[in-house]
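Report on one structure; see the data block that follows.
Quick note: residue numbers are just sequence positions, from 1.
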Amino acid sequence: MTRAVVIVYRPQAGRYAAQFASVVAAAREYGVEPIALIPTGWDPADVGDVRSYHADLDDSGNVRRVMDTICAAHRVERLFPLFEGDVLTASRCRRDHGIRGLNPEQALTFRDKNVMHRRAEELGILVARSCRPDTLGAVQEFAATTGYPIVLKPYAGWACGRTFRVDSDADLERVWPEIADDRHDYRVEEYVDGVEYHVDSLVSGGGIVFEQLSRYTYSILQFRDEPGGTISRRHDLSAGERRILSQNARLLRGFGMDTGVAHVEFFLRDDGSVVFGEAAARAGGGSIVPAIQAGHGINLAGEWCRLELDPAHRPVSRSGPEVGTEYLSSSRVGRITEITSAEQLKSLDSVLDADVWKRVGDVLAPPTASNDVLGWFVCSGRDYEDVLARFKLIRDTFVVRTAAEAS
């Protein structure tokens, strides 16, 4: 039987195309066949010359049955889920077939926010106070203790989908019907005041072999009102930023990651304390992967594959200036009649890369999640403030015009 790795890939999410290609290239470097597991109904041509199998990726049982078929025909050595929602199912497939990597117990720690916060507390890491929204009264009592604002979020969600910031009793009564029927899928947290950071790491043999600390330029919960951006912190780290890196290393060890890739979020409060937000066992979303590729010369997903197949491998990261990335968004709705292209953005000074997902003729609707955007760009600068200023110049160049949809 041929040596193989399986990549769980959703072609409809175009932002994963570069990750998929990088894993495919890395596997072939080591003489291992890449196999794509793609959603039912998708054309195999969407993965090029890569052998593919179909499954209902939202049905864990169906995925596991298809993996039975794959493993009967191939010697599957590793399994790479690129999307957050596939991490837990992939772990169950690993257990089914003795494939190395995160097992279900470890994967739950990265997927279930109730589990991850409890485990972080056991590791001595500060987390936001929380409660279960069993009744409206329970949430009101919690808010009376912590004070508003509070946050209602799915315990296994991503990209702020179906997540609500609540600022008052009246606001809570307005939001409660939105979650009441699904309350057991939710948790309630105090709102953490502080600057939000993320650490994107590669782990091999239980130790971190690459890490990039970055600072968000906006509040993720305010994605409808602020452009989503993040800027690397490579130089002249503060004491608080160094504490974030230290806690990230402790958390990944405690969560049981031996080899893999992780995206972990923290808050740095004004008093210097660090509060854990959440963690994911996959590469950062949106344009974080291309930003790290532009800044360091490595693709996180491809390096994850190399580390899994070769324990002696170490990513070679280049030095350089700070690099930032920002989503492209628009307050306009309706059918697009004009939009700036990625090629036009790449021609601008300091822009290292860009992608525009929307085209003339597409219809824009109000966003429902933090990654519901039009595209992204990556640029470089001397420091955080310089990159931030460049963001505004590039953002002002991006033009979107629409014609209102006929009623």
Worksheet item: Below 4.5 Å, heavy atoms only, C-beta onward: do Leu126 and Phe276 meet side chain to side chain?
Response: no

Worksheet item: Should we count NZ of Lys346 as having more than 12 external heavy atoms under 6.0 Å?
Response: yes

Worksheet item: What are the two closest non-hydrogen atoms of His117 and Glu189, and how far apart are they?
Response: CE1-OE2, 3.7 Å

Item to complete: Calculate, to the nearest 0.5 Å, the distance between atoms NE2 and CD1 belonging to His198 and Ile288 respectively.
Response: 4.0 Å

Worksheet entry | Asp271 atom CG, neighbour heavy-atom count above 12 within 6.0 Å | yes

Worksheet entry | Verdict with supporting geometry, Tyr148 and Asp171, side-chain hydrogen bond (donor to acceptor under 3.5 Å, both in side chains) | CA-CA 10 Å; Tyr148 286 107; Asp171 203 14; over 6 Å; no

Worksheet entry | Separation of Cys131 SG from Arg187 CZ (nearest 0.5 Å) | 9.0 Å

Practice prompt. Spell out, as yes or no, whether a donor-acceptor pair under 3.5 Å connects the side chain of Arg162 to the backbone of Glu178.
Written response: yes

Worksheet item: In this structure, are over 12 heavy atoms from other groups packed under 6.0 Å from Glu121 atom CD?
Response: yes

Fill in: Stepwise side-chain contact (heavy atoms from CB on, under 4.5 Å) test for Arg28 and Val50
CA-CA 11 Å; Arg28 287 173 172 166; Val50 176; 3.9 Å; yes

Worksheet item: Any ion pair linking Lys392 and Asp396 (charged N to carboxylate O, less than 4.0 Å)?
Response: yes

Fill in: Within 6.0 angstrom of Arg100 CZ, more than 12 heavy atoms from elsewhere
no

Discussion item. Looking at Ala138, is its backbone amide N or carbonyl O close enough to the side chain of Thr135 to form a donor-acceptor pair, meaning the two atoms are under 3.5 Å apart?
Written reply: yes

Item to complete: For Arg119 and Gly254, indicate whether the former's side chain and the latter's backbone hold a donor-acceptor pair under 3.5 Å.
Response: yes

Worksheet item: Between Arg165 and Tyr191, is NZ or CZ placed under 6.0 angstrom from the six-membered ring centre and within 45° of the ring axis?
Response: yes

Worksheet entry | Value rounded to 0.5 Å, distance of CG in Asp58 from CG in Asp86 | 7.5 Å

Practice prompt. Give a yes or no on whether Arg118 atom CZ has more than 12 heavy-atom contacts from other residues, nucleotides or ligands under 6.0 Å away.
Written response: no

Discussion item. Tell me whether Arg282 contacts the main-chain N or O of Val261 through its side chain, where contact means a donor paired with an acceptor under 3.5 Å.
Written reply: no

Item to complete: For residues Leu307 and Pro315, determine if any side-chain heavy atom of one lies less than 4.5 Å from a side-chain heavy atom of the other.
Response: yes

Discussion item. To check you understand the geometry: which heavy-atom pair defines the closest contact between Lys113 and Glu278, and what is its length?
Written reply: CE-OE1, 3.1 Å

Practice prompt. Could you please spell out the steps behind the ring-ring contact (aromatic ring centres under 6.0 Å, His included) verdict for Phe391 and Phe377?
Written response: CA-CA 9 Å; Phe391 277 4; Phe377 64 84; 5.5 Å; yes

Worksheet entry | Ring center gap for Phe110 and Phe255 short of 6.0 angstrom | yes

Practice prompt. Would you check, one step at a time, whether the test side-chain contact (heavy atoms from CB on, under 4.5 Å) holds for Arg64 with Arg95?
Written response: CA-CA 10 Å; Arg64 293 168 75 177; Arg95 181 178 60 189; 4.1 Å; yes

Worksheet item: Out of curiosity, Ile339 CD1 to Leu364 CG, how far, rounded to the nearest 0.5 Å?
Response: 7.0 Å

Item to complete: Would you check if there is a donor-acceptor pair between the side chains of Glu241 and Tyr197 at a distance under 3.5 Å?
Response: yes

Item to complete: Compare every heavy atom of Ala4 with every heavy atom of Ile35, then report the nearest pair and how far apart it is.
Response: CD1-CB, 3.7 Å

Worksheet item: Between Thr337 and Arg401, is there a donor-acceptor pair closer than 3.5 Å when you use the side chain of the first and the backbone of the second?
Response: yes

Worksheet item: What is the minimum heavy-atom distance between Pro34 and Val24, and which atoms define it?
Response: CG-CG1, 3.8 Å

Response to the item:
What one should report as the nearest heavy-atom pair of His235 and Gly320 is NE2-O, 2.8 Å

Item to complete: Check for a donor-acceptor pair, side chain of Thr40 on one end and backbone N or O of Asp56 on the other, with a separation under 3.5 Å.
Response: yes

Worksheet item: Do Leu251 and Val264 come close enough that some side-chain heavy atom pair is under 4.5 Å?
Response: yes

Worksheet item: How long is the gap from OG1 on Thr217 to OH on Tyr384, to the nearest 0.5 Å?
Response: 5.5 Å

Worksheet item: Under 4.5 Å between any side-chain heavy atoms of His97 and Val76, yes or no?
Response: no

Practice prompt. Compute whether any side-chain donor of one residue and acceptor of the other, for His184 and Asp182, lie under 3.5 angstrom apart.
Written response: no

Worksheet item: Would the Phe210 and His296 ring centres measure less than 6.0 Å apart?
Response: yes

Fill in: Closest non-hydrogen atom pair between Cys379 and Val387, with its separation
SG-CG1, 4.1 Å

Fill in: CA sep, side-chain torsions, deciding dist, call: His313, Glu303, side-chain hydrogen bond (donor to acceptor under 3.5 Å, both in side chains)
CA-CA 9 Å; His313 174 74; Glu303 291 301 301; 2.7 Å; yes

Worksheet item: Just by distance, do the side chain of Arg335 and the backbone of Gly361 share a donor-acceptor pair under 3.5 Å?
Response: yes

Worksheet item: Quick one: CD on Glu190 to OG1 on Thr145, what's the gap to the nearest 0.5 Å?
Response: 10.5 Å

Worksheet entry | Stepwise side-chain contact (heavy atoms from CB on, under 4.5 Å) check, Ser91 with Asn103 | CA-CA 5 Å; Ser91 74; Asn103 62 39; 5.7 Å; no

Discussion item. Here's a test for you: under salt bridge (Lys or Arg N to Asp or Glu O under 4.0 Å), which of Arg233, Arg390, Arg234, Arg382 qualifies with Glu322?
Written reply: Arg233

Discussion item. Between Val333 and Pro366, is there a side-chain heavy-atom distance shorter than 4.5 Å?
Written reply: yes

Practice prompt. Count the heavy atoms belonging to other residues, nucleotides or ligands that lie under 6.0 Å from CG of Asp270, then report whether that count exceeds 12.
Written response: no

Worksheet entry | Beyond-backbone contact of Thr163 with Leu152, side-chain heavy atoms, under 4.5 angstrom | no

Practice prompt. Please assess Ser201 against Asn248 for the test side-chain contact (heavy atoms from CB on, under 4.5 Å), listing each intermediate value before the final yes or no.
Written response: CA-CA 9 Å; Ser201 309; Asn248 178 66; 3.0 Å; yes

Worksheet item: Would a 4.5 Å heavy-atom cut-off, applied to side chains only, mark Gln212 and Ser232 as touching?
Response: yes

Worksheet item: Centres of the Tyr9 and Phe83 rings: under 6.0 Å?
Response: no

Discussion item. Strictly distance-based, threshold 3.5 Å: is any side-chain N or O of Arg215 a donor or acceptor partner for the main-chain N or O of Thr230?
Written reply: no

Worksheet item: Is it the case that Thr109 and Gln106 place a side-chain donor and acceptor less than 3.5 Å from each other?
Response: no

Worksheet item: If only atom types and distance count, is the side chain of Ser22 paired as donor or acceptor with the main-chain N or O of Ala18 below 3.5 Å?
Response: no

Worksheet item: Is there side-chain contact between Val151 and Val188, with heavy atoms separated by less than 4.5 Å?
Response: no

Worksheet item: Is the closest side-chain donor-acceptor distance between Gln293 and Asn299 under 3.5 Å?
Response: yes

Discussion item. Using modelled atom types and a 3.5 Å cut-off, is there a donor and acceptor pairing between side-chain atoms of Ser347 and backbone atoms of Gln344?
Written reply: yes

